[in-house]
Engineer: 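First the structure, which I've put down as structure tokens, then a few questions once you've had a look.
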Amino acid sequence: MSVSVQQADFDIGAEIDALMAGRGDIGAVATFTGLVRDMNEGSGVTAMTLEHYPGMTEAALADIVEQAKARWDILAVRVIHRVGTLRPADRIVLVVVAGAHRGEAFAACEFIMDYLKTRAPFWKREDTPAGSRWVDARESDDSAAARWQQD
Amino acid sequence: MSVSVQQADFDIGAEIDALMAGRGDIGAVATFTGLVRDMNEGSGVTAMTLEHYPGMTEAALADIVEQAKARWDILAVRVIHRVGTLRPADRIVLVVVAGAHRGEAFAACEFIMDYLKTRAPFWKREDTPAGSRWVDARESDDSAAARWQQD
Amino acid sequence: MTMKIKVLYFAALREALGSSGETVELPEGATTLAGVRAVIAGRGGAWTALAQMKNLRAAVNQRMADPDDAVTDGDEVAFFPPVTGG
Amino acid sequence: MTMKIKVLYFAALREALGSSGETVELPEGATTLAGVRAVIAGRGGAWTALAQMKNLRAAVNQRMADPDDAVTDGDEVAFFPPVTGG
């Protein structure tokens with residue numbers, strides 16, 4: 001299973017090892033890990049709660065991975081996104097892309113993150129000293145995703 | 001120490017944890033791991049030996065990291081490059097870049113790898129069933145590095 | 001024939017509506033996502049959030065959808081703010 | 001005054017020369033990297049590899065250098081094929 005939505009934390013090294021197991025054709029592994037920061041938009045963040053749309057989340061992530069596989073010559077992909085309540089410095093999301101060469105592994109990893117940020121149904125709510133608030137979508141995420149559009 | 005040249009293997013998760021230790025301002029960690037493939041240019045590879053230029057290697061890597069830090073708003077970098085004899089599926093190189101946001105972490109990580117490939121004095125020799133051979137530099141590595149040139 | 005669909009609400013929209021979802025019977029003529037949205041917002045009160053919330057996104061049968069996309073009997077429709085995961 | 005420099009060879013070049021390095025006394029007029037290379041290649045025999053090897057790279061005092069770069073007494077010069085790490 002290349003996509004997981006879970007409350008539990010993940011182990012990056014173990015996830016890479018699992019992708020590599022038994023194969024010698026992988027020359028490049030690019031990963032991205034997203035983490036909870038203790039500040040956002042000028043306020044301290046004490047906790048973050050991730051809501052999602054069960055069913056659609058998994059389908060959206062699987063679709064993003066399929067798009068990446070269709071577009072780049074990559075060998076294996078793993079995506080894990082956590083849900084529930086997290087604390088500063090906790091891991092939120094992991095994307096691992098393995099390929100023969102680095103250029104395609106990097107591009108596919110960044111593509112998956114950019115698409116995930118705009119197309120996977122997750123929503124963050126932050127707890128700050130002033131109360132709880134929903135995180136606003138960033139314009140920069142839309143433009144990051146838009147640059148992968150093909151004509 | 002942000003740069004190491006060593007025979008010993010490395011633990012990606014432990015390296016990320018060390019960069020993160022005690023800080024809550026990191027929102028994005030991009031990593032790249034290069035590995036020994038069991039095939040190259042149509043021949044089976046049974047082992048690979050990495051030669052380097054002690055002294056210059058560390059200086060070149062430190063310089064590449066400084067360039068990345070000057071260019072992108074990133075918070076922490078770790079580079080490990082192994083030397084000596086390695087086997088297929090062994091890790092060769094690790095680059096970890098931590099930042100507040102993903103775009104800069106991705107760009108700096110790819111930049112460091114592209115520069116390392118063309119400016120750090122390492123040379124690979126492969127053992128194949130037909131004997132031992134030095135790996136030829138790839139034209140694509142020069143063009144990958146060249147795209148980061150600023151006017 | 002009356003069309004019945006399942007409608008789900010998420011995140012800030014769920015809180016504004018005080019509902020995470022419901023079964024909705026659609027009046028004749030409401031055959032698109034935009035139509036469904038107008039029907040629900042037309043109830044007034046808190047439901048107007050569905051018309052007023054900026055940049056509202058939607059899915060039909062768990063796929064991102066546009067206002068003109070068709071909605072038919074038995075579909076699962078969801079409304080939510082722009083996503084902010086990752 | 002005679003200039004003495006340290007010269008290092010790496011990888012395929014080291015193997016072709018059968019040497020990983022030496023101290024070289026430079027004749028007058030050999031004041032650039034290109035000059036150093038010509039002096040050593042001019043010994044003939046295996047040393048011609050230094051002139052013939054394609055795309056040879058070099059460093060002066062452990063920094064990548066160009067053929068026109070100056071070489072002075074006490075410098076550490078290195079010649080090697082294009083790097084292939086990572």
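The sequence lines fix the lettering, A, B, ..., with proteins before strands; numbering per chain opens at 1.
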Engineer: With sequence neighbours left out, write down each residue that passes side-chain contact (heavy atoms from CB on, under 4.5 Å) with A:A137, or none if nothing qualifies.
Structural biologist: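 Per chain and number, A:A137 pairs via side-chain contact (heavy atoms from CB on, under 4.5 Å) with C:P82, C:T84.
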Engineer: To check you understand the geometry: which heavy-atom pair defines the closest contact between B:P129 and B:G44, and what is its length?
Structural biologist: CD-O, 3.2 Å
Engineer: Can you measure from CD1 (B:I80) to CZ (B:F10) and round to the nearest 0.5 angstrom?
Structural biologist: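 Spacing of CD1 (B:I80) from CZ (B:F10) equals 6.0 Å.
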Engineer: Of the backbone (N, CA, C, O) and the side chain (C-beta and beyond), which part of A:L35 lies under 4.5 Å from a heavy atom of chain B, both, or neither?
Structural biologist: both
Engineer: What part of A:A28 lies closer than 4.5 angstrom to a heavy atom of chain B: side chain, backbone, both or neither?
Structural biologist: both
Engineer: Using a cut-off of under 4.5 Å on heavy-atom pairs, state which of B:A14, B:A98, B:G103, B:A100 scores highest against chain A.
Structural biologist: B:A100
Engineer: Among A:A105, A:G24, A:A30, which has the most heavy-atom pairs under 4.5 Å with chain B?
Structural biologist: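 Of the options given, most contacts go to A:G24.
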Engineer: So, for A:I64 and A:F111, which heavy atoms are closest and what is the spacing to 0.1 Å?
Structural biologist: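 So the minimum-distance heavy-atom pair works out to O-CE2, 3.9 Å.
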Engineer: Which atoms of A:M113 come close to chain B, meaning under 4.5 Å heavy atom to heavy atom: side chain ones, backbone ones, both, or neither?
Structural biologist: both
Engineer: Check every N and O of chain B against chain A and note each donor-acceptor pair under 3.5 Å, with its distance.
Structural biologist:
| residue | atom | partner | partner atom | Å |
| --- | --- | --- | --- | --- |
| B:G24 | O | A:D38 | N | 2.8 |
| B:G27 | O | A:L35 | N | 3.0 |
| B:V29 | N | A:T33 | O | 2.9 |
| B:V29 | O | A:T33 | N | 2.8 |
| B:T31 | N | A:T31 | O | 3.0 |
| B:T31 | O | A:T31 | N | 3.0 |
| B:T31 | OG1 | A:T31 | OG1 | 2.4 |
| B:T33 | N | A:V29 | O | 2.8 |
| B:T33 | O | A:V29 | N | 2.8 |
| B:L35 | N | A:G27 | O | 3.0 |
| B:D38 | N | A:G24 | O | 2.8 |
| B:R102 | NE | A:D114 | OD1 | 3.0 |
| B:R102 | NH1 | A:D141 | OD1 | 3.0 |
| B:R102 | NH2 | A:D114 | OD1 | 2.8 |
| B:R102 | NH2 | A:D141 | OD1 | 3.2 |
| B:D114 | OD1 | A:R102 | NE | 3.0 |
| B:D114 | OD1 | A:R102 | NH2 | 2.8 |
| B:D141 | OD1 | A:R102 | NH1 | 3.0 |
| B:D141 | OD1 | A:R102 | NH2 | 3.3 |

Engineer: Is there side-chain contact between B:L19 and B:V29, with at least one heavy-atom pair below 4.5 Å?
Structural biologist: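 SC-SC contact between B:L19 and B:V29 ruled out.
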Engineer: Among A:G27, A:G13, A:P88, which has the most heavy-atom pairs under 4.5 Å with chain B?
Structural biologist: A:G27
Engineer: Where on A:I16 is there a heavy atom nearer than 4.5 Å to chain B: the side chain, the backbone, both, or neither?
Structural biologist: side chain
Engineer: Less than 4.5 Å apart, any side-chain heavy atom of A:F32 and any of A:I112?
Structural biologist: no
